[in-house]
Amino acid sequence: MADFNLTSSDPSMFILLGIPGLEDSHIWISIPFCTCYVIGLLANFTILFIVGTEKALHKPMYLLICMLALTDIGMSTSVMPKTLSIFWFNLKSITLDGCLAQMFFFQVISIVHSGILVIMAFDRYVAICNPLRYSTILTNTRTVKLGLVGVIRAILFFLPLPLLVRRLPFCANRLIQHTFCDHMAVAKLSCGDITINRIYGMVLALIVIGVDLMLIALSYGLIIRALLRISSKKAHQKALSTCTAHILVILMSYPPGLFASLSYRFNQGVAPHLHTIFSNVYFVTPPMFNPIVYGVNTKELREKVGKYLCRT
């Protein structure tokens, strides 16, 4: 219980409570989260290993899949080790700098993840609507440059948020009802004015996610328009099969992420323990399922994975 006696005499420490109201069940709750986290790590590292060792897969689409795998590993690893340490060892304390670092990394990686989904949508548009020029429009070098632009964009957009949190005064209450340092969960503990934090966080979410979703919708709108001009059912099925994995990843990424982000700002009718559980689910299920989705739906990758499994 000493962890809960933090007062203003220790301004650099916070306490992560875990899942509010379900503290006695932390051990049992940790089992599915740990399982999903480990499966996600194994699956994503397998994707990285196979694409890295197979020269036939050194193509833009597979480079993008590797970028997605790296962001999946980063997203889950920025949150789950601390979450599991709370569940297993009751290690709930975290410094202000540690809190800000965790906040910075998982939010930046989330924005990079969204940017990669946009590049993937553009990749599918070029592959379907302009296949003869695909190899000249999307080269490996250009794909890597687009990924770096996504990283720079994420850092520039999110860097002000930890700085805005650091300027806030914190009083005696430093108990965060969460398993990780969400921006608004920390900001709400301040005894100062957090209006700027609220506004900037909301504007950031709307601009980044809104623009990315618009670009993805535009890409698929152009793909649908191109398909409507083709009468061949075989061509329609082939185009649909190439987009299936990307569409599934989008559906697993954006709705849970938007819910986790917006529910903290509006906090209408969402129980704290449900919000915390759902937020953690967002950090382990997409990283677990994304490599499986691409492994199953991408023929070349599926064959290479099967070959390595047969060898072992």
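Note that the numbering runs from 1 along the sequence shown for the chain.
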Original post:
Is the side chain of Thr53 donor-acceptor paired with the backbone N or O of Ile50 at a distance under 3.5 Å, no angle test?
Top reply: yes

**OP:** Consider only side-chain heavy atoms of I, L, V, M, F, W and Y, link residues closer than 4.5 Å, and tell whether Ile207 and Val151 are in one cluster.
**Re:** yes

Original post:
So Phe283 and Phe180, would you call those rings parallel, tilted or perpendicular, with 30° and 60° as cut-offs?
Top reply: perpendicular

**OP:** Give the C-alpha distance, both sets of side-chain angles, the deciding distance and a yes or no for side chain to side chain donor-acceptor pair (under 3.5 Å) between Tyr62 and Glu54.
**Re:** CA-CA 11 Å; Tyr62 297 104; Glu54 291 288 339; over 6 Å; no

Original post:
Would a line drawn from the ring center of Tyr220 to the ring center of His246 be shorter than 6.0 Å?
Top reply: yes

Original post:
Atom CD1 in Ile119, atom OG1 in Thr143: separation rounded to 0.5 Å?
Top reply: 8.0 Å

Original post:
Within a strict 4.5 Å, meaning less than it, do heavy atoms of the Ile15 and Ile176 side chains meet?
Top reply: no

Original post:
More than 12 heavy atoms of other residues, nucleotides or ligands under 6.0 Å from CD1 of Ile155: is that the case?
Top reply: yes

Original post:
Does any N or O in the side chain of Lys145 come within less than 3.5 Å of the main-chain N or O of Asn140, such that one atom is a donor and the other an acceptor?
Top reply: no

Original post:
Would a distance-only check, ignoring hydrogens and angles, find a side-chain to backbone donor-acceptor pair under 3.5 Å from Gln102 to Cys181?
Top reply: yes

Subject >> Phe122 vs Ile216 side-chain heavy atoms within contact, under 4.5 Å >> reply: no

Original post:
Thr139 and Thr136: which non-hydrogen atoms are nearest, and at how many Å?
Top reply: CG2-O, 3.9 Å

**OP:** Please test Phe170 against Cys191 for side-chain contact (heavy atoms from CB on, under 4.5 Å), starting from the C-alpha separation and ending with a verdict.
**Re:** CA-CA 6 Å; Phe170 292 96; Cys191 46; 5.9 Å; no

**OP:** Apply side chain to side chain donor-acceptor pair (under 3.5 Å) to the pair Thr95 and Asp97, showing each step before the final yes or no.
**Re:** CA-CA 5 Å; Thr95 64; Asp97 289 337; 5.6 Å; no

Original post:
At their closest point, which heavy atom of Gly150 faces which heavy atom of Val112, and how far apart are they?
Top reply: O-CG2, 3.9 Å

Subject >> Non-hydrogen side-chain atoms of Tyr200 and Pro160 separated by less than 4.5 Å >> reply: yes

Original post:
What distance do Leu248 atom CG and Asn297 atom CG have between them, rounded to the nearest 0.5 Å?
Top reply: 6.5 Å

Subject >> Minimum side-chain heavy-atom gap Phe289-Met252 below 4.5 Å >> reply: yes

Original post:
Under the side-chain contact (heavy atoms from CB on, under 4.5 Å) criterion, do Ile65 and Asn290 qualify, and how do the steps go?
Top reply: CA-CA 9 Å; Ile65 292 175; Asn290 288 348; over 6 Å; no

**OP:** Evaluate side-chain contact (heavy atoms from CB on, under 4.5 Å) for Leu64 paired with Leu68, printing each intermediate quantity in order.
**Re:** CA-CA 6 Å; Leu64 290 171; Leu68 192 71; over 6 Å; no

**OP:** Indicate yes or no: at least one non-hydrogen side-chain atom of Arg167 is less than 4.5 angstrom from one of Ile196.
**Re:** yes

**OP:** Given side chain to side chain donor-acceptor pair (under 3.5 Å), test Ser279 with Asp182 step by step and report yes or no.
**Re:** CA-CA 10 Å; Ser279 297; Asp182 181 84; over 6 Å; no

Original post:
To the nearest 0.5 Å, how far apart are CD1 in Ile27 and CH2 in Trp88?
Top reply: 8.5 Å

**OP:** Say whether Val144 and Val149 are linked into one hydrophobic cluster, either directly or through other cluster members, by side-chain heavy-atom distances under 4.5 angstrom.
**Re:** no

**OP:** State the CD-CD1 distance between Glu23 and Ile86, to the nearest 0.5 angstrom.
**Re:** 11.0 Å

Original post:
Do the charged groups of Arg153 and Asp212 touch, with an N to O distance under 4.0 Å?
Top reply: yes

**OP:** Please report the closest heavy-atom contact between Ser93 and Met13, naming both atoms and the distance.
**Re:** CB-CE, 3.5 Å

Original post:
Step by step, would you call Asp72 with His113 a side-chain contact (heavy atoms from CB on, under 4.5 Å)?
Top reply: CA-CA 8 Å; Asp72 284 337; His113 186 275; 3.4 Å; yes

Subject >> Phe33 atom CZ: more than 12 heavy-atom contacts under 6.0 Å >> reply: yes

Subject >> Exam field: side chain Asn173 to backbone Leu175, donor-acceptor pair closer than 3.5 Å >> reply: yes

Original post:
Nearest 0.5 Å, what's the NZ-CZ distance between Lys188 and Arg198?
Top reply: 5.5 Å

**OP:** Scan side-chain atoms only and decide if Thr77 and Tyr37 contain a donor-acceptor pair under the 3.5 Å cut-off.
**Re:** yes

Original post:
Are Ile31 and Ile29 joined in one hydrophobic group, where the rule is that I, L, V, M, F, W and Y side chains link up if heavy atoms are under 4.5 Å apart?
Top reply: no

Subject >> Atom pair CG (Leu274) and CG (Leu22), whose distance is rounded to the nearest 0.5 Å >> reply: 8.5 Å

Original post:
Is the side chain of Glu303 donor-acceptor paired with the backbone N or O of Leu301 at a distance under 3.5 Å, no angle test?
Top reply: no

Original post:
When clusters are formed by joining ILVMFWY residues with side-chain heavy atoms under 4.5 Å apart, either directly or through shared neighbours, do Val203 and Met103 land in the same one?
Top reply: yes

Original post:
For Arg166 and Leu96, which heavy atoms make the closest approach, and how far apart are they?
Top reply: NH1-CD2, 4.4 Å

**OP:** Could you tell me which non-hydrogen atom of Leu17 sits nearest to which non-hydrogen atom of His26, and how far apart they are?
**Re:** O-CE1, 3.7 Å

**OP:** Please confirm whether the backbone N or O of Gly295 pairs with a side-chain atom of Arg302, one donor and one acceptor, at under 3.5 Å?
**Re:** no

Subject >> Least distance between heavy atoms, Pro287 atom then Ser76 atom >> reply: CG-CB, 4.2 Å

Original post:
In terms of hydrophobic clusters joined by side-chain contacts under 4.5 Å, are Leu222 and Leu228 together?
Top reply: no

Subject >> Within-4.5 Å side-chain heavy-atom neighbours: Ser253 and Ser114 >> reply: no

Subject >> side chain to side chain donor-acceptor pair (under 3.5 Å) between Asp123 and Tyr134, worked out >> reply: CA-CA 8 Å; Asp123 170 80; Tyr134 178 83; 2.4 Å; yes

Original post:
Would you say the side-chain atoms of Ser190 pair up with the backbone N or O of Pro169, donor to acceptor, closer than 3.5 Å?
Top reply: yes

**OP:** Using modelled atom types only, decide if a donor and an acceptor are shared between the side chain of Thr298 and the backbone of Glu300 within a distance under 3.5 Å.
**Re:** no

Subject >> Min side-chain heavy-atom separation Thr179-Leu16 under 4.5 Å >> reply: no

Original post:
Would a 4.5 Å heavy-atom cut-off, applied to side chains only, mark Arg133 and Val126 as touching?
Top reply: no

